[in-house]
Each structure stands twice: as structure tokens, then as C-alpha cells.
Amino acid sequence: MANVTHQSAIIPDRSLFNILDKVADKLPAVLAVIGLIGLWQLVVWGFSVPTYMAPGPADVLNAFRENSTVLWNNFWPTLFEAALGFVFGNLVAILLAILFVHSRTAERAFYPIAVFVNTIPIIAVAPILVLILGNGYAPKIVIAALICFFPTLVNMVRGLKAVQPATLELMRVLSASGSEVFWKVRIQSSLPFLFAALKIASTTCVIGAIVAEWIGSNYGLGALIIEATYNFRSPLLYATVFTAALLAVSLFTIVSVVEKRVIHWKAQGVH
Amino acid sequence: MVVSALRKSPVVIGNSAATAAPAVSVRNIDVTFGAGDAAVTALAGVSVDIPEGSLVTMLGPSGCGKSTLLRAIADLVPTSAGEITVLGRSPQQARQDRNFSFVFQDSTLLPWRSAIDNVRLPLEVGGTHAAHGEPANLLELVGLKGRENALPSELSGGMRQRVSIARALVTKPKILLMDEPFGALDEITRDKLNEELLRIWQETGTTVVFVTHSIPEAAFLGEHVLVLASHPGRVKEFMPINLPHPRQLKVRDTIEFVRITAHLRQLLEEC
Ligand SMILES: Nc1ncnc2c1ncn2[C@@H]1O[C@H](COP(=O)(O)OP(=O)(O)O)[C@@H](O)[C@H]1O
Ligand SMILES: [Mg+2]
């Protein structure tokens with residue numbers, strides 16, 4: 001006992017140690033990344049790879065500096081499309097999932113259609129949507145939404161149904177109404193499933209927006225990728241790809257942070 | 001179908017008053033699951049009176065219909081013949097009036113709610129309820145003072161079951177229906193909770209119907225033991241346990257207790 005008090009007197013600031021702990025936690029990952037970048041640079045130097053074929057990290061860094069305005073100007077449209085697609089795709093999926101658990105008929109009517117739509121490769125639907133919706137933001141948002149939609153629908157339906165039969169019996173003994181069961185039990189138990197899907201969607205919505213920009217666009221990271229490729233501006237191409245990855249990682253992080261805020265309990269059986 | 005005659009205890013022990021109307025009256029009920037060739041007769045011609053304020057344990061081999069009888073009383077399973085009255089009402093009416101609470105084998109706590117919020121759940125659903133207990137006091141009654149804000153995942157199996165008992169008591173029920181509530185717990189925890197259940201029963205004056213497949217548990221807790229036989233489920237004997245209250249665990253070492261359990265064991269072997 002005395003020993004413990006003694007120790008806490010010597011260690012004035014626990015938070016400092018927590019920070020050091022976290023750094024030590026991340027250290028292997030940081031070292032691995034630095035190692036890989038170093039290896040990349042060595043390979044490029046060692047084999048004298050021409051820059052247009054594969055630029056080294058130094059070239060890419062340079063491209064970031066020289067093209068910062070271009071990258072920045074094309075970053076915003078892609079973010080806008082991906083974010084709106086994320087919101088609409090998931091919103092429709094959530095509402096449809098709620099409809100499905102309330103109506104077996106609706107589920108039997110629309111679920112097969114949803115499965116069918118999901119089996120069409122997004123890259124194949126994209127040109128069709130561009131033809132229908134034109135060259136503006138609309139087709140990009142729709143494609144980003146489409147790519148988010150299905151995983152969220154499936155997970156949300158699963159989550160809303162993932163209530164133990166005994167819990168439903170408990171609610172029955174308590175004479176709880178249907179809406180009470182829905183709001184107090186089903187929605188809550190679906191949240192871990194929903195967030196698992198939202199995390200997937202946070203990265204795929206960026207893919208959706210970029211693929212849509214490939215088909216027909218003069219702006220956005222997708223358009224920049226195409227342009228840089230055709231002009232053999234490889235360092236810019238790499239810089240654009242990294243920017244897109246950064247966008248996806250940022251969205252993923254935002255969703256993860258919100259998840260930690262919303263779900264403070266340990267969920268079981270979510271993959 | 002042999003239905004054994006009801007044997008009423010001539011001696012008044014514990015909380016029961018011999019003259020009062022029964023808290024639960026089961027008259028010649030049948031319960032059948034499924035239809036046609038697949039039909040299973042879970043209960044056939046079961047009759048029993050649960051005296052008001054008494055603690056009746058229900059004992060029988062696995063699959064003999066103990067849960068089914070308890071669920072029929074709780075309006076969770078429909079009867080195909082006969083009549084059940086709970087405090088002179090239909091089970092459905094009694095459920096809507098919150099005359100009874102149900103404790104499941106699994107604690108069925110909502111994992112996202114703290115202990116005290118789980119205890120509050122019955123007060124938040126099924127309409128407004130005038131008479132109710134104070135959740136904090138109930139947690140103290142079941143020995144969980146100081147753990148009000150713990151999540152179910154932070155509590156042991158025994159503690160979770162204590163929370164679910166507090167939740168059952170929050171509506172101030174006249175009757176407590178318990179389906180193998182301690183079945184999943186280790187023996188030491190189970191013994192402790194058995195003693196505490198007796199204390200709570202005497203403090204609250206609630207009628208308790210307690211399902212178990214443990215002979216010592218049935219004999220230790222019960223003022224009466226309702227022994228069920230299987231295929232089809234029927235009453236084998238309604239046996240008074242003439243052990244004085246308050247009972248302590250050491251009563252199980254007495255000759256009297258051993259005689260009772262020997263008799264119960266023999267009854268079960270005949271089933
Ligand atoms: N929902 C159900 N559907 C079909 N059969 C059931 C159902 N519930 C119970 N049974 C059957 O009724 C019989 C009694 O079950 P139960 O009351 O759970 O037994 P116990 O609780 O004594 O172990 C068993 O044969 C069981 O298979
Ligand atoms: Mg059972």
C-alpha cells in the first residue's frame with residue numbers, strides 16, 4: 001500500500017506516460033512505412049527506373065509541392081461527390097432496411113432487386129449513368145451512393161434483426177409497443193452493424209466518385225489521374241493517388257471517431 | 001391422463017395465508033405446439049393453485065414443460081384448453097396491469113444500458129405506471145450499490161442476474177415468475193443468490209414461482225415444490241416443504257432436508 005502511494009508521488013503526470021504508450025504502440029507501423037518508402041527510393045535509384053515509369057518518393061514529394069493548387073482544386077469536387085454519395089446512399093439503405101424489418105412483403109419484393117443491382121459491376125453502370133445524368137455532379141454522387149448502398153442495407157437489416165428472442169419476450173412481458181421495441185431495442189442493437197458498414201462505405205464512396213470522374217469529367221481527382229497518366233506526368237499521378245487515399249482515410253477516421261462516441265458498449269457478433 | 005390431487009399444506013409457513021385467494025390459479029390446461037403430425041403436447045391437464053405470498057418452486061426433468069407452464073401464466077404461450085387466472089384476471093390483463101414480472105435464465109439486459117438504466121427500462125415502456133420502486137434502492141436491495149453505472153459487460157454473470165431481479169422488482173409486481181434464473185451460475189454464486197432471493201421474498205412479500213431442475217434448490221427455496229412429470233407434462237405432486245423460515249444454507253445439512261430431497265429424487269425417478 002505504502003509502496004503504491006510512494007510511486008504515484010514520484011510519477012507526477014500519468015498522461016505523459018499514456019502518450020508515450022500510444023507512441024510506442026504506433027512505432028512498429030511508423031517504422032514499417034518509413035522502411036518501405038526508403039526501399040522504394042533505393043529500388044528507383046538502384047535500377048535507374050525512369051521517372052515516367054515509376055517516380056521515386058522524392059519526385060512525388062516534389063510533385064505535391066509544385067502542384068499543390070491543382071491538387072487542392074481537384075480535391076474539393078471529389079470530396080463533395082463522395083460525401084454526398086455517402087450520405088444519400090447510406091440514408092436510402094437505412095430507410096429501406098427499416099422498411100424491410102417492418103414489412104415482410106416489402107423485403108420479399110425489393111431485396112432480390114437490391115441483390116441484382118449489387119451484382120452489376122459499378123464500372124459497368126457508370127457510363128450508363130453518365131449518359132443519363134450528364135457531365136455534372138449528379139452521376140458522380142449517384143455512383144458514390146450506389147457503391148455505399150448495398151453493404152449498409154445488408155448490415156442494417158442484419159443489425160435490426162439481431163435482437164435476442166428473450167429480449168423480445170421481455171419487451172412483451174413489459175407490454176412494450178412496437179415503436180418502443182424499435183427505438184429502445186432494435187435501433188440500438190443495429191448500431192454496431194451500421195457502423196461496420198459505414199466504415200466500409202467511407203472508403204468505397206471515394207472509389208465511386210473517382211471511377212465516375214474517369215468516365216466523363218474535367219475536374220476531380222479522378223479526372224486528374226486520367227490527365228496525368230495520358231501526359232506521362234507520373235509524379236503528379238502518384239501525388240493524386242496519395243491525395244485520394246488520404247481523403248478515404250480521413251473519412252474513415254471521422255466515421256471511427258463518431259462510432260466511438262456513439263457506441264460505448266461492447267457489441268458481440270459483428271464482423 | 002392422471003392429474004394428481006392438489007395437496008394443500010395445512011401448516012401456514014412463511015408469507016402465505018391459507019385463506020386468501022390464490023395468486024395464480026391454473027385449471028386443467030393443455031398446451032400444444034405445432035399442428036397435425038408435428039404437434040407436441042407440452043402440457044396436458046395441469047392444475048395448480050399458487051397461494052398468494054408464497055414461494056413455489058417448480059421441479060422436473062428437462063423438457064417436461066416447466067418453462068411452458070410459467071410462460072402460459074405470463075401470457076407468452078397460448079393455452080389450447082383450460083383456464084389460467086392471475087389475481088382473478090386473465091394472464092393478458094394481468095400482464096397489461098403489470099401484476100407480474102418475469103426473470104429469464106439469461107439476464108436479457110440491454111448491453112448498451114448501464115445497470116441502473118436497465119432497471120429503469122420497465123418504467124419507460126408500456127404506458128405510464130404510477131406505483132414503482134426507486135431503481136437505486138432496488139440495486140442496493142440486490143447488493144449492487146456502487147455499481148449503478150456499470151455496463152452489463154463489466155458485471156459478472158451473478159451480478160447481471162441481480163440487475164435483472166432488480167429490474168423485475170421495479171414495477172412492484174405482486175408475482176415474480178422466474179425461469180431457472182440461476183441455472184447458468186456457478187454453485188457458490190447460486191447458493192448466495194438463493195439466500196438473497198429468500199430475503200428479498202420476505203422483505204417484499206411478493207408471490208414467487210421459481211423454475212429449477214436442481215432438487216436442493218427446489219427444496220431449499222420452496223414453501224411448496226410443484227413436481228412435474230414429462231411426456232406429456234403433468235403435475236406429479238404439489239409437495240409442501242415444512243422447513244421453518246427464515247432459512248439458511250445450513251438447513252441443507254439437516255436430516256429433515258435430506259429426507260425431503262430423497263423424496264423429491266424418488267418422485268423424479270418415477271417421472
Ligand atoms: N416454442 C415451441 N415450439 C415447439 N415445441 C416447444 C416450444 N417450446 C417448448 N416446446 C416443447 O415443449 C416441451 C416442454 O418444453 P419446456 O417447457 O421448455 O421444458 P422445460 O422448461 O421443462 O425444460 C419440450 O418437449 C419442448 O420441445
Ligand atoms: Mg426450461
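Protein chains get the first letters and strands the later ones, always in sequence-line order, with residue 1 at the start of each. Below, each value reflects all heavy atoms present in this structure, side chains not excepted, and no hydrogens, waters or symmetry copies.
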A.B. asks: Please say which of B/Arg95, B/Gln92, B/Gln93, B/Gln96 ends up in a side chain to side chain donor-acceptor pair (under 3.5 Å) with B/Asp75.
C.D. replies: B/Arg95

A.B. asks: Go through B/Val125, B/Leu177, B/Leu151 and name the one with the most non-hydrogen pairs under 4.5 angstrom from chain A.
C.D. replies: B/Val125

A.B. asks: Tell me yes or no: between the side chains of A/Thr152 and A/Asn155, is some donor less than 3.5 Å from an acceptor?
C.D. replies: no

A.B. asks: Heavy atom to heavy atom, less than 4.5 Å: which residues from residues 170-191 of chain A reach chain B?
C.D. replies: A/Leu170, A/Met171, A/Arg172, A/Val173, A/Leu174, A/Ser175, A/Ala176, A/Glu180, A/Lys184, A/Val185, A/Gln188, A/Ser189

A.B. asks: Can a donor-acceptor pair be found between the side chains of B/Asp179 and B/Ser67 at a distance below 3.5 Å?
C.D. replies: yes

A.B. asks: Please check if the side chain of B/Glu154 supplies one atom and the backbone of B/Pro152 the other of a donor-acceptor pair under 3.5 Å.
C.D. replies: no

A.B. asks: Kindly indicate, with the supporting measurements, whether the criterion ring-ring contact (aromatic ring centres under 6.0 Å, His included) is fulfilled by B/Phe104 and B/Phe102.
C.D. replies: CA-CA 6 Å; B/Phe104 298 85; B/Phe102 204 103; 4.7 Å; yes

A.B. asks: Given heavy-atom pairs under 4.5 angstrom as the criterion, report whether the side chain, backbone, both or neither of B/Gln105 touches chain A.
C.D. replies: neither

A.B. asks: Looking at A/Lys199, I want to see if its NZ is surrounded by more than 12 non-hydrogen atoms of other residues, nucleotides or ligands under 6.0 Å.
C.D. replies: yes

A.B. asks: Considering only heavy atoms, which portion of B/Leu76 lies under 4.5 Å from any heavy atom of chain A: side chain, backbone, both, or neither?
C.D. replies: both

A.B. asks: Assess, by modelled atom type and distance only, whether the side chains of B/Ser107 and B/Gln161 contain a donor and an acceptor separated by less than 3.5 Å.
C.D. replies: no

